[in-house]
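To keep things clear, I will list the structure first and then write my remarks on it.
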Amino acid sequence: MEFVAIDFETTGYDFGGANEPWQLGAALVRDMEIVETREWFFRTEIPYAADPRALAAEMSLMDQWESLYPFLAGRRLVAHNIACEKTILTRLAPLTKWGPWVDTLKLAKARYPKLPGYTLGELCETFGCVPQMDGRTWHDGLYDAVACAKLALIISC
């Protein structure tokens, strides 16, 4: 089994502008193991001051398309609550057939309908798969992508 778990972090609408992606984390899973991780930081119209890596980003998402596209295209894509990831990729390349998609939120709700919570963090706590990554925590694109990959491996088996 092979898939890529992804997580975009976005600026949100707080500053009156468009909701732009400023980070993408990705974890490639092959044969039930995370074998590679990648992350990209994107320059945005409104600098996202909450993370210095976003302020230092010199290239837009489109400028990094040549490195991003081959890593994602033609693979099963996994995300927790896929709406954001699916929307960003579809807007970016509307003629590309992304996926197939797997939503760990929907999968967890279907397989475990009586859990007390379904956020990525709550599910990782429940199933004992919280990532240990120095200097990173929830709402970091790479951290969340790794967490999603670990969760998918547990709840899809």
Under 3.5 Å, is there a donor-acceptor pair between the side chain of [X] and the main chain of [Y]?
X: Gln23; Y: Glu9; result: no
X: Tyr118; Y: Leu123; result: no
X: His139; Y: Asp144; result: no
X: Glu125; Y: Gly121; result: no
X: Asp103; Y: Asn81; result: yes
X: Asp7; Y: Ala145; result: no
X: Arg43; Y: Glu58; result: yes
X: Gln64; Y: Leu61; result: no

Within the structure provided, determine whether [X] and [Y] are in side-chain contact (heavy-atom separation under 4.5 Å).
X: Trp65; Y: Ser60; result: no
X: Thr10; Y: Phe42; result: no
X: Arg136; Y: Leu142; result: yes
X: Arg76; Y: Val102; result: yes
X: Leu115; Y: Thr126; result: yes
X: Tyr143; Y: Cys148; result: no
X: Leu77; Y: Glu85; result: no

[X] and [Y]: which non-hydrogen atoms are nearest, and at how many Å?
X: Ala83; Y: Thr87; result: O-OG1, 2.7 Å
X: His80; Y: Thr104; result: ND1-OG1, 2.7 Å
X: Ile6; Y: Ala26; result: CG2-CB, 4.1 Å

Using the rule that Ile, Leu, Val, Met, Phe, Trp and Tyr join whenever any side-chain heavy atoms are under 4.5 Å apart, tell me whether [X] and [Y] fall into a single cluster.
X: Leu72; Y: Val78; answer: no
X: Met62; Y: Trp98; answer: yes
X: Ile82; Y: Leu28; answer: yes
X: Phe71; Y: Trp101; answer: yes
X: Met32; Y: Val4; answer: no

Mark yes when over 12 heavy atoms from residues, nucleotides or ligands other than [X] sit less than 6.0 Å from its [atom1]; otherwise mark no.
X: Tyr112; atom1: OH; answer: yes
X: Arg75; atom1: CZ; answer: yes
X: Arg111; atom1: CZ; answer: yes
X: Glu66; atom1: CD; answer: no

Examine the side chains of Trp40 and Ser67 and answer whether a donor and an acceptor come within less than 3.5 Å of each other.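 There is such a pair (donor and acceptor under 3.5 Å, judged by atom type) between the side chains of Trp40 and Ser67.
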Between Asp140 and Arg53, is there a salt bridge with N-O shorter than 4.0 Å?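 Salt bridge: yes.
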Quick test of your reading of the model: are Glu33 and Lys150 salt-bridged, counting only N-O distances below 4.0 Å?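 Salt bridge: no.
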Would you compute the distance between atom CG of Leu68 and atom CG of Asp63 and round it to the nearest 0.5 angstrom?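 Nearest 0.5 Å value for the CG-CG distance: 12.0 Å.
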Classify the angle between the aromatic ring planes of Trp22 and Phe41 as parallel (below 30°), tilted (30 to 60°) or perpendicular (above 60°).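 Trp22 and Phe41: parallel rings.
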